[in-house]
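Since the structure comes first, as structure tokens, the remarks are kept for the end.
Naming: A, B, ... by sequence-line order, numbering from 1 per chain. When reading the values below, keep in mind they use all heavy atoms of this one structure, side chains included, and skip hydrogens, waters and symmetry mates.
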Protein chains: 2
Amino acid sequence: MPIHSYHHGDLRRTLLEAAAASIEANGVEALSLRQLARDAGVSHAAPSRHFRDKQALLDALAEDGFNRLTVSLDEATQGAPTTPTEARQRFDDLARSYVGFALAQPTLLSLMFSLKHAPSARAELLAAGHASMELTMRVVVAAQEIGAIGPGDPQRIALVAFATFHGVAILTSGGLIDEVPAADLVATASELFWNGLQP
Amino acid sequence: MPIHSYHHGDLRRTLLEAAAASIEANGVEALSLRQLARDAGVSHAAPSRHFRDKQALLDALAEDGFNRLTVSLDEATQGAPTTPTEARQRFDDLARSYVGFALAQPTLLSLMFSLKHAPSARAELLAAGHASMELTMRVVVAAQEIGAIGPGDPQRIALVAFATFHGVAILTSGGLIDEVPAADLVATASELFWNGLQP
DNA sequence: TATGCAATGTTGTCAGTGACATCATTCTGC
DNA sequence: GCAGAATGATGTCACTGACAACATTGCATA
């Protein structure tokens, strides 16, 4: 790809990456399509070829975020547990991975769960979000299968676990907590939740 | 107060209420100070007398939200419990109240925990947020005092409880969950968490 | 009670923005 | 090698937030 070609080459990806950096640095409110275009060295209307409007860019960012979160959670919970200790470890790892994601890109996480998405993007977002929750369910089911935790609708348990991780992630990344270190809060949450699941 | 006086009378409150309605209807992104001014029947620059800039209005909204949340949680948990069943009931009520607040004004809740606040407003927001968490701690301490749950740092437990409620609230109000009714999710979360607290 | 100042509201202006229409260039499949 | 699809550029418009300068009103106090 020549340095100065009429076509950018991979403008869509460039815009997404710059936008992700921008929202973390200055918030969603301050995101400017025209500024992104300037930074990418294209005209102010070029982004509209890839994102119908600003909302479409935000939707794409959110979907991308869910996909990255799914990868993170997946990598953190490889291998089926064979002992209760291992199952518990997977659960801990899942929680730490979630909160780690949140601390690294808190604004993106908020955006992912923000409810103002274009109806057209809703299907993709739902699918991407569900993939993340599926991973949580996988950990729950694996723990149930070896008897590390009691029975119970794994989907419901996984949803509550996911919600717990999310809440801890938002609280710790939101700067609303000074007294308790983030890692301690994650550990406490994981421990309490696990206790509640015991047979 | 005359119908048409030079001074509006209570513009600040009018703006806050209209803004709260606007963000729930159209999202934070679409909030327009000038539109709020038009709706209130004042000039486009009048709001600046009450809110230095848009961020200041959002900060005030968030603080107001925390105060209202605190009132809701307080009203839902009146009276010291005397039995484990009552203590458990308080805990359930707290969770339901939190999620009810979230369902009624999901965008405001997101805004409250958004990290994009002016440094000058941080102190007030922190105080308002802590008041909500204090209420959660009150419920935990009350339960501990009558032995309904085991010992443990009540602040840490309360923070995790708060986080759990918040996570469930965001998930249920965010439209990311179709399979499980919100009330069921709240009940499951409350039950699992309570189990984890048993001595 | 009179008055001066603080609080509040108005008008005017400016640069930045998102969206859209129209035109230009390049790429790709046939 | 060429036609049409992708992608980018240019021009324009209404709207917005922020700010400056000016107007009106309410209130404290002398």
Side-chain angles (χ1 to χ4, degrees), chain A residues 1-23 25-62 107 111 114 116-121, chain B residues 1-23 25-62 107 111 114 116-121:
Chain A
M1 191 66 51
I3 304 290
H4 292 107
S5 60
Y6 189 87
H7 285 133
H8 176 280
D10 200 1
L11 183 55
R12 185 187 153 90
R13 180 143 309 274
T14 301
L15 290 173
L16 279 176
E17 287 172 2
S22 171
I23 64 171
N26 306 111
V28 175
E29 287 276 308
L31 183 67
S32 159
L33 291 178
R34 290 173 96 109
Q35 185 61 51
L36 289 181
R38 281 192 290 271
D39 292 346
V42 295
S43 75
H44 65 257
S48 71
R49 295 293 167 191
H50 302 275
F51 305 102
R52 169 195 296 274
D53 54 20
K54 196 175 179 177
Q55 188 57 55
L57 171 58
L58 295 178
D59 291 343
L61 270 179
T107 308
L111 177 64
S114 138
K116 64 169 188 320
H117 295 291
S120 55
Chain B
M1 189 68 50
I3 303 290
H4 291 107
S5 60
Y6 189 87
H7 285 133
H8 175 282
D10 201 0
L11 183 56
R12 186 188 153 91
R13 180 146 310 271
T14 300
L15 289 174
L16 278 177
E17 288 172 2
S22 171
I23 63 170
N26 307 110
V28 175
E29 286 276 309
L31 184 68
S32 160
L33 290 178
R34 289 174 97 109
Q35 186 60 50
L36 289 181
R38 282 191 291 270
D39 292 346
V42 295
S43 75
H44 66 256
S48 72
R49 295 293 169 193
H50 301 275
F51 305 101
R52 168 194 297 273
D53 55 20
K54 196 175 180 178
Q55 188 57 54
L57 171 57
L58 294 178
D59 291 343
L61 269 180
T107 307
L111 178 63
S114 139
K116 195 71 191 70
H117 295 292
S120 54

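Remark: C1' of C:dG18 and CG of A:Leu15 are 15 Å apart, rounded to the nearest angstrom. Atom P of nucleotide D:dT25 and atom CG of B:Leu11 are separated by 16 Å, given to the nearest angstrom. Separating the CG atom of B:Asn26 from the P atom of D:dT16 is a distance of 12 Å, rounded to the nearest angstrom. One can place CG of A:Leu36 at 13 Å from P of C:dA19, the figure rounded to the nearest angstrom. Between the CD atom of B:Gln35 and the C1' atom of D:dA14 there is a distance of 13 Å, rounded to whole Å. Rounded to whole Å, atom P of C:dG18 lies 10 Å from atom CG of A:Leu57. The CD atom of A:Glu29 sits 19 Å away from the P atom of C:dG16 (whole-angstrom rounding). Regarding A:Gln55, its CD atom lies at a distance of 14 Å from the P atom of C:dC20, rounded to whole Å.
The side chain of B:Lys54 lies closest to D:dG17 when the candidates are D:dG17, C:dA19, D:dT10. When distances run from any side-chain atom of B:Ala46 to the nucleotides D:dG8, D:dT12, C:dT10, the shortest one goes to C:dT10. Among the nucleotides D:dG17, C:dG18, C:dG9, the one closest to the side chain of B:Ser32 is D:dG17. Checked against C:dG9, D:dT7, D:dT16, the side chain of A:His50 finds its nearest nucleotide in D:dT7. Comparing atom distances between the B:Asp53 side chain and each of D:dA18, D:dC22, D:dG8 picks out D:dA18 as nearest. The side chain of B:Arg49 approaches C:dT10 more closely than any other nucleotide in the set D:dA9, C:dT17, C:dT10. Closest contact between the side chain of A:Ala45 and the listed nucleotides C:dA21, C:dT17, D:dT16 involves C:dA21. Considering only side-chain atoms of B:His44, the nucleotide from D:dA18, C:dT10, C:dT17 that sits closest is D:dA18.
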side-chain contact (heavy atoms from CB on, under 4.5 Å) assessment of B:Leu16 paired with B:Leu61: CA-CA 7 Å; B:Leu16 278 177; B:Leu61 269 180; 4.0 Å; yes
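Contact detail for B:Pro47 and B:His44: the closest heavy-atom pair is CD-O, 3.6 Å. B:Ser43 approaches B:Ala37 most closely through the heavy-atom pair O-CB, 3.4 Å.
A donor-acceptor contact shorter than 3.5 Å links the side chain of B:Lys54 to the backbone of B:Leu31. Without hydrogens or angle criteria, B:Asp59 side chain to B:Ala118 main chain gives a donor-acceptor distance under 3.5 Å.
The phosphate of D:dA9 (OP1 or OP2) has no side-chain N or O of A:Arg34 nearer than 4.0 angstrom.
Between B:Asp10 and A:Leu33, the residue anchored nearer the 5' end of DNA chain C, judged by the nucleotide with its closest heavy atom, is B:Asp10. Of the two residues near DNA chain D, A:Ser48 and B:Ser48, the one whose nearest nucleotide lies more 5' is A:Ser48.
Across all strands, B:Arg38 comes closer than 4.0 Å only to sugar-phosphate atoms, never to a base (heavy-atom distances).
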